[in-house]
Amino acid sequence: MERFVRGFPLSRHVVSRFIAGDHLADAVRVAKRLSKEGFLTCLDLLGESGDEEMASASRRGTLEVIQAAAELEQATVSLKPTQIGLAVSSDLFKENLASLLDEAIRVGVALTVDMEKSDTVDKTVGVFSALRTEGLGLGIVLQAYLHRSVQDLDALIPKGVRVRLCKGAYDERPEVAFQGLLPIRKAYLTLAKRMLGKGIDEGGYPEFATHDPILATSILKEAKEKGRGREGFEFQMLHGINRPLQERLRDDGYRVRVYIPFGPQWYPYFMRRLAERPANLLFFLRAVLGK
């Protein structure tokens, strides 16, 4: 299946909707186009977790991404802990993240540490907290569906941390995470209200990663009630997902950052995007059939 998706011209056309390409130059090209269209961008080098050698290769690749982002307008970089060492040890993750953060500070690029499965959260938050410097240069992701995220957020907010809030995409047990659309949406909004209830100096900078128009509408209402201006938060969405919502928010003057995934290891990411929504799969099948 992977050989077919990679090799068939019509399937590659669909892939390009979600993936910038195999190379950093592809991501830079897409980022420049989106910037001209009024969007902020975040570069995301795709890859899977592995051994120390793979983590070292990912670190080197991410260094190149950071340097490229420095040449773009307000671009940020996202990285996955297990990809740069957490799959091996917390120490390796900390060492690699520290070197990446040093370079990011040098060139003026903000980094965001992604959050993965629930059994990695303690280690991820621990390393993040140990390395975080003053300001918003290093941010972290929290997943709304995890029961623990309320406590994690309450611990981070007083430190003025930049937090990217997403719903969560991993298959977690009910004891660990809320199940179903409505409970997860409710949990997300609870956290969003906490994030908007503090000023930037005290509460950090909220980043709302959602393609859900109901959540977006609720967030805008809450921001208005709390007196949070358009420059005091942003929405973040994946390249190729719910473009109409991205454009509507942008046209209304809100900050919208588009995540641009790229790299030769894009296939697992692409299949997850297809699995998320039947509409994505239908789009793919229609393209393959030439319809």
Side-chain angles (χ1 to χ4, degrees), residues 19-28 31 41-70 72 75-133 135-143 146 152 156 161-164 166 168-170 207 209 236 238-239 257 259-270 272:
I19 311 295
D22 289 352
H23 308 290
L24 177 56
D26 299 320
V28 169
T41 57
C42 178
L43 304 183
D44 184 7
L45 175 62
L46 298 173
E48 300 302 310
S49 57
D51 56 19
E52 188 168 349
E53 183 178 349
M54 291 176 65
S56 179
S58 293
R59 180 188 59 79
R60 292 192 300 271
T62 305
L63 275 174
E64 295 178 3
V65 177
I66 291 170
Q67 291 158 1
L72 299 170
T76 62
V77 174
S78 181
L79 50 85
K80 189 166 72 172
T82 58
Q83 186 180 344
I84 62 167
L86 188 59
V88 179
S89 70
S90 294
D91 288 342
L92 181 60
F93 170 45
K94 184 177 181 180
E95 177 185 339
N96 285 338
L97 180 58
S99 69
L100 293 172
L101 182 58
D102 285 346
E103 179 64 10
I105 292 172
R106 187 184 73 81
V107 299
V109 171
L111 300 183
T112 299
V113 179
D114 285 339
M115 196 64 72
E116 300 175 86
K117 295 204 69 171
S118 59
D119 59 2
T120 69
V121 175
D122 278 334
K123 294 177 181 177
T124 300
V125 173
V127 170
F128 169 83
S129 298
L131 293 180
R132 195 184 76 83
T133 57
L136 303 175
L138 185 64
I140 193 168
V141 175
L142 292 182
Q143 299 169 107
L146 293 181
D152 287 331
L156 292 169
V161 172
R162 178 169 55 84
V163 174
R164 176 179 188 249
C166 67
Y170 295 91
E207 300 174 336
Q236 298 187 351
L238 297 170
H239 178 47
R257 189 176 304 276
Y259 265 56
I260 305 173
F262 75 97
Q265 299 185 52
W266 54 258
Y267 180 75
Y269 172 90
F270 174 70
R272 286 194 291 270

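Below, each value reflects all heavy atoms present in this structure, side chains not excepted, and no hydrogens, waters or symmetry copies. Keep in mind that this is a model prediction, so the values were computed, not measured.
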Asks: If the condition is side-chain hydrogen bond (donor to acceptor under 3.5 Å, both in side chains), which residues does Asp51 pass it with, not counting sequence neighbours?
Replies: none
Asks: Which atom names give the shortest non-hydrogen contact between Gly47 and Gln265, and what distance separates them?
Replies: CA-OE1, 3.8 Å
Asks: Measure the shortest side-chain to side-chain distance between His239 and Asp44 over non-hydrogen atoms and say whether it is less than 4.5 angstrom.
Replies: no
Asks: Kindly say whether Ser89 contributes a backbone atom to a donor-acceptor pair with the side chain of Glu52 at under 3.5 angstrom?
Replies: no
Asks: Salt-bridge test for Glu207 and Arg162: reply yes if a basic N is under 4.0 Å from a carboxylate O, no otherwise.
Replies: yes
Asks: Taking Arg59 for the side chain and Asn96 for the main chain, is one N or O donor matched with an acceptor at less than 3.5 Å?
Replies: no
Asks: Which heavy-atom pair separates Ala75 from Ala69 by the least distance, and what is that distance?
Replies: CB-O, 3.9 Å
Asks: Calculate, to the nearest 0.5 Å, the distance between atoms OG1 and CE belonging to Thr82 and Met54 respectively.
Replies: 9.5 Å
Asks: So do Gln83 and Glu48 actually touch side chain to side chain, heavy atoms under 4.5 Å?
Replies: no
Asks: Do Val161 and Phe128 come within less than 4.5 Å of each other through their side chains, counting heavy atoms only?
Replies: yes
Asks: Hey, are the side chains of His23 and Phe262 touching, using non-hydrogen atoms and a 4.5 Å cut-off?
Replies: no
Asks: So which atom in Leu131 and which in Ala98 form the shortest heavy-atom distance, rounded to 0.1 Å?
Replies: CD1-N, 3.8 Å
Asks: Drop me the distance from Arg60's CZ to Ile84's CD1, to the nearest 0.5 angstrom.
Replies: 13.5 Å
Asks: If we only count heavy atoms from C-beta on, is the Leu146 to Val121 side-chain gap below 4.5 Å?
Replies: yes
Asks: Is a donor on one side and an acceptor on the other found under 3.5 Å between the side chain of Arg257 and the backbone of Thr41?
Replies: yes
Asks: Where is the tightest heavy-atom contact between Ser90 and Val127, given as atom of each residue plus distance?
Replies: O-CG2, 4.0 Å
Asks: Which pair of non-hydrogen atoms, one from Leu111 and one from Leu79, has the smallest distance, and what is that distance?
Replies: CD1-CD2, 4.2 Å
Asks: Without swapping roles, check the side chain of Gln143 against the backbone of Glu116 for a donor-acceptor pair under 3.5 Å.
Replies: yes
Asks: Taking only residues two or more places apart in sequence or in another chain, which ones pass salt bridge (charged side-chain N to carboxylate O under 4.0 Å, His left out) with Asp26?
Replies: Arg29
Asks: For Ile260 versus Ala20, what's the shortest heavy-atom pair and its separation?
Replies: CG2-CB, 3.5 Å
Asks: Drop me the distance from Ser56's OG to Leu92's CG, to the nearest 0.5 angstrom.
Replies: 8.5 Å
Asks: To the nearest 0.5 Å, tell me how far Asp102 CG sits from Leu63 CG.
Replies: 10.0 Å
Asks: Side chain of Lys123, backbone of Leu86: donor and acceptor closer than 3.5 Å?
Replies: no
Asks: So do Tyr170 and Ser118 actually touch side chain to side chain, heavy atoms under 4.5 Å?
Replies: no
Asks: Let me confirm one number: the SG-CG distance from Cys42 to Leu72, rounded to the nearest 0.5 Å.
Replies: 11.0 Å
Asks: Name all residues meeting the salt bridge (charged side-chain N to carboxylate O under 4.0 Å, His left out) criterion together with Arg132; count only those two or more places apart in sequence or in a different chain, and write none if there are none.
Replies: none
Asks: Below 4.5 Å, heavy atoms only, C-beta onward: do Glu64 and Leu24 meet side chain to side chain?
Replies: yes
Asks: Calculate, to the nearest 0.5 Å, the distance between atoms CG and CD1 belonging to Leu101 and Ile66 respectively.
Replies: 8.5 Å
Asks: A side-chain contact here means heavy atoms from C-beta on lying under 4.5 Å apart; do Val141 and Cys166 qualify?
Replies: yes
Asks: Starting from the C-alpha separation in whole Å, work towards a yes-or-no answer on side chain to side chain contact (heavy atoms under 4.5 Å, CB included) for Val65 and Val109.
Replies: CA-CA 10 Å; Val65 177; Val109 171; over 6 Å; no
